[in-house]
Structure formats: C-alpha cells, structure tokens
Trainee: 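Just dropping this structure here.
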Amino acid sequence: QVQLVESGGDLVQAGGSLRLSCAASGSILSINNMGWYRQAPGKQRELVATITSGGSTNYADSVKGRFTISRDNAKNTVYLQMNSLKPEDTAVYYCSADLWGGISGGVGYLEVWGQGTLVTVSS
C-alpha cells in the first residue's frame, strides 16, 4: 500500500541539468532514510545519494559536487538535482525509502522502491 513514484527523467546534453522527484504515498507512518540509486545496462545498481530524516546526506564519489539530494518531509518527497551531467550518468534512476508503514496485520518497517526513471545524457 506504499508507493514511490519517480519523475523528471529526460534526454539531455552533456553539461545540462535535470531535477528528479520521488513522491511517496500510501499507508505511511514515518519515513526514515531516502535515497537515489542508478543502474546502467549491464551494470550493477549503485548508490547515488542518501538523506536521513534529519537531513544528513551522503554521495557517491562520482557525483559529489554535481548532484544534490534534498527532501520535503511535509510532501514525503525526495529530490535529486543533477548538474553538469556527463554521458556516464546515463542510467535508470530509482528512489528508495526506509519507512514505517501499514502492512497486512499491522505496521512494519519497509524498504520500498520506485519504478525508475530514465536519464539519458548525450555527448
């Protein structure tokens, strides 16, 4: 009953910018950590950035200085501002959230993933 929906993926030229959004909805009591991951064809999914409920952030070395993760707790939404995009940033970007939510029979601590949004950076 909890869903994450990403949006904002697009085709952009190298050096351009995109802002990804991920909104959580459903039977949510509280959201702890939120994060962005990405997966390119033939490669493993990798962590891009995470943010705690208190606003502490963590970034992969490959995106430090270019990407910024933020969240709006009132809207249950996490964002990823991506600047100075490079072709190697091309991937499907997924958001994830660790949260307390409603499950069958009561409440549980869940890890929920979105469906992904495609970012393509051309050279």
Side-chain angles (χ1 to χ4, degrees):
Q1 293 296 103
V2 179
Q3 298 182 85
L4 302 180
V5 179
E6 302 100 332
S7 62
D10 205 351
L11 170 65
V12 298
Q13 294 184 3
S17 298
L18 282 175
R19 190 193 192 202
L20 305 183
S21 299
C22 174
S25 63
S27 301
I28 300 169
L29 278 72
S30 63
I31 301 177
N32 189 10
N33 304 309
M34 303 188 82
W36 288 95
Y37 296 75
R38 66 186 182 186
Q39 187 169 25
K43 295 186 177 180
Q44 297 181 16
R45 186 175 298 186
E46 64 176 350
L47 184 148
V48 177
T50 60
I51 184 168
T52 69
S53 59
S56 180
T57 59
N58 183 55
Y59 297 92
D61 289 341
S62 60
V63 306
K64 285 182 179 178
R66 300 188 298 120
F67 291 9
T68 302
I69 188 171
S70 61
R71 63 192 287 172
D72 184 336
N73 291 330
K75 297 181 178 180
N76 288 333
T77 300
V78 62
Y79 305 94
L80 186 68
Q81 178 66 48
M82 305 186 294
N83 299 324
S84 301
L85 283 162
K86 304 175 181 179
E88 50 263 46
D89 295 319
T90 295
V92 176
Y93 284 71
Y94 300 89
C95 68
S96 180
D98 299 328
L99 56 89
W100 286 96
I103 61 172
S104 297
V107 177
Y109 192 67
L110 310 172
E111 181 181 78
V112 185
W113 291 83
Q115 82 288 349
T117 186
L118 178 63
V119 173
T120 303
V121 184
S122 65
S123 60

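Note that these values count all heavy atoms, side chains included, but never hydrogens, waters or copies made by symmetry. Heads up: numbering here begins at 1 and tracks the sequence.
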Trainee: Out of the candidates Asn33, Leu29, Ile28, only one should pair with Ile31 under the side-chain contact (heavy atoms from CB on, under 4.5 Å) rule; please name it.
Mentor: Ile28
Trainee: Roughly how far apart are Gln81 CD and Phe67 CZ, rounded to 0.5 Å?
Mentor: 9.5 Å
Trainee: Does one hydrophobic cluster hold both Leu20 and Tyr59, with members joined at side-chain heavy-atom distances below 4.5 Å?
Mentor: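 Looking at the clustering, Tyr59 is in the same group as Leu20.
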Trainee: Kindly give the heavy-atom pair with the smallest separation between Leu11 and Ser122, and that separation in Å.
Mentor: CD1-CB, 4.4 Å
Trainee: Just how far is it from atom OG of Ser96 to atom CZ of Arg45, taken to the nearest 0.5 Å?
Mentor: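 Between Ser96 OG and Arg45 CZ, I get 8.5 Å after rounding to 0.5 Å.
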Trainee: Can you give me the closest heavy-atom contact between Gly35 and Ile69, atom names plus distance?
Mentor: CA-CD1, 4.2 Å
Trainee: What's the shortest heavy-atom distance between Arg38 and Ser62, and which atoms?
Mentor: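 Closest approach of Arg38 to Ser62, heavy atoms only: NH2-OG, 3.4 Å.
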Trainee: Over all heavy atoms of both residues, which pair between Val63 and Val48 is shortest? Give the atoms and the distance, please.
Mentor: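 Nearest heavy atoms, Val63 then Val48: CG2-O, 3.6 Å.
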Trainee: Looking only at non-hydrogen atoms, find the nearest pair between Val78 and Ser70 and report the distance.
Mentor: CG2-O, 3.2 Å
Trainee: Is it the case that the side chain of Thr90 and the backbone of Val121 share a donor-acceptor pair, with hydrogens and angles ignored and the cut-off at 3.5 Å?
Mentor: yes
Trainee: Rounded at 0.5 Å granularity, tell me how far CG in Leu99 sits from CG in Asn76.
Mentor: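 One finds 9.0 Å between CG of Leu99 and CG of Asn76.
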Trainee: Output the distance between atom OG1 (Thr52) and atom CG (Asp98), rounded to the nearest 0.5 Å.
Mentor: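 Nearest 0.5 Å value for the OG1-CG distance: 11.5 Å.
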Trainee: For the residue pair Tyr93 and Glu6, what are the closest heavy atoms and their distance?
Mentor: O-OE2, 3.9 Å
Trainee: Could you tell me the separation between the CZ atom of Arg66 and the OG atom of Ser17, rounded to the nearest 0.5 Å?
Mentor: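 Here the interatomic distance stands at 10.0 Å.
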Trainee: Is it the case that over 12 heavy atoms from other parts of the model lie below 6.0 angstrom from the CD atom of Glu88?
Mentor: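 More than 12 within 6.0 Å, yes.
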Trainee: Can you tell me how far apart OG1 (Thr50) and CH2 (Trp36) are? Round to the nearest 0.5 Å.
Mentor: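 Nearest 0.5 Å value for the OG1-CH2 distance: 13.5 Å.
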